[in-house]
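See below for the structure under consideration.
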Amino acid sequence: MGVPLAITPGDPRGVGPEVTCKALALRSQRGQPVHAVLLGHRAALVRAAELVDFDLRSVDVIDLGDEDEPIEVASIRAAVLGIQEGRFGALVTGPIHKARLAARGFQYPGHTDFLGHLCGVERPVMAFVGGSVRVVLVTVHLPLSQVAAAVTHEAVLDTIQAANRALQAQLGIERPKLLVCGLNPHAGDV
């Protein structure tokens, strides 16, 4: 069956555990089981599974409820380590409460920067994939008023190069076709 997918449901008090269990339940109902390991708070996952009528026994659960750091941070850290060690094949993350984590000393504005730190990537980029479309963002977790100043030549070039490398390495596309969107419709007006 191969290496399992690592899923971190996110904040145990939020919607992440329920959304995770619901998604897995829907796949199971369609005859599409997922070879996955859930890393998080077992009690929250048990409650969520009961709400959506999902048999939690159909997946492995690693309970990280007794960690010194917030559960969602410990889950991501453990999942990344598992990927680096070859125990997991990929990672799906649930929502984290960024303000609550920041109040507890978490120094990253979100998943992307924390994952970059864990993987030793100096300038990580956030990407979204849907069907054949892949979108890579130059800026993340910024107030709209700060976006224009953050879209520098260097930031755009770094993002384009990261997207190009990922498409070549991960998807085997020798010469990817990349399109760049601007902040305004003409992408050239000052």
Side-chain angles (χ1 to χ4, degrees), residues 3-25 27 34-52 54 56-130 134-144 146-147 150 155 158-159 162-163 166 170:
V3 291
L5 179 67
I7 302 175
T8 61
D11 187 343
R13 293 170 283 190
V15 299
E18 184 178 343
V19 169
T20 299
C21 289
K22 183 67 175 180
L24 293 173
R27 288 191 62 86
V34 176
H35 182 43
V37 174
L38 304 182
L39 296 94
H41 193 268
R42 181 180 295 278
L45 289 165
V46 167
R47 284 190 301 275
E50 289 171 356
L51 280 174
V52 300
F54 173 63
L56 196 58
R57 295 173 298 180
S58 66
V59 294
D60 292 325
V61 176
I62 297 176
D63 187 12
L64 297 169
D66 294 331
E67 297 294 316
D68 293 334
E69 62 188 342
I71 190 93
E72 52 271 54
V73 174
S75 299
I76 295 168
R77 188 182 305 280
V80 168
L81 180 62
I83 290 170
Q84 291 169 332
E85 293 175 346
R87 292 182 287 121
F88 306 128
L91 170 62
V92 175
T93 60
I96 58 176
H97 192 298
K98 295 169 185 72
R100 187 178 68 77
L101 290 176
R104 292 186 63 189
F106 186 64
Q107 61 183 337
Y108 304 96
H111 287 89
T112 304
D113 293 299
F114 185 47
L115 290 167
H117 164 73
L118 294 174
C119 297
V121 176
E122 185 178 333
R123 290 188 175 146
V125 295
M126 181 184 295
F128 298 102
V129 177
R134 280 107 176 106
V135 177
V136 182
L137 307 175
V138 174
T139 64
V140 295
H141 304 299
L142 285 179
L144 189 56
Q146 296 176 15
V147 170
D158 285 346
T159 304
Q170 301 299 319

Under 3.5 Å donor-acceptor, His111 side chain and Gly94 backbone: yes
Taking C-beta and beyond as the side chain, do Cys119 and Gln84 meet within less than 4.5 Å on heavy atoms? yes
Step by step, would you call Val34 with Val59 a side-chain contact (heavy atoms from CB on, under 4.5 Å)? CA-CA 8 Å; Val34 176; Val59 294; 5.7 Å; no
Where do Pro70 and Leu101 come nearest, in terms of heavy atoms and distance? CB-CD2, 3.5 Å
Gap separating the CD1 atom of Ile62 from the CD1 atom of Ile7, nearest 0.5 angstrom: 12.0 Å
Minimum heavy-atom distance Ile96-Ile76, with the two atoms named: CG2-CD1, 4.4 Å
Taking all non-hydrogen atoms of both residues, which atom of Glu72 and which atom of Pro12 are closest, and how far apart? OE1-CD, 3.9 Å
If we only count heavy atoms from C-beta on, is the Pro9 to Leu45 side-chain gap below 4.5 Å? yes
Test your reading of the model: is there a side-chain donor-acceptor pair from Arg42 to the backbone of Val61, 3.5 Å cut-off? yes
Heavy-atom nearest pair, Gly86 first then Val3, reads O-CG1, 3.3 Å
Which pair of non-hydrogen atoms, one from Leu64 and one from Ser75, has the smallest distance, and what is that distance? CD1-CA, 3.5 Å
Any side-chain heavy-atom pair from Arg13 and Arg100 closer than 4.5 angstrom? yes
When you compare the side chain of Leu56 with that of Leu38, does any pair of heavy atoms fall below 4.5 Å? yes
Pairwise distance CZ(Arg77) to CG(Leu39) - rounded to 0.5 angstrom: 13.5 Å
Give the ring-plane orientation class for Tyr108 versus Phe114, where under 30° counts as parallel, over 60° as perpendicular and anything between as tilted. tilted
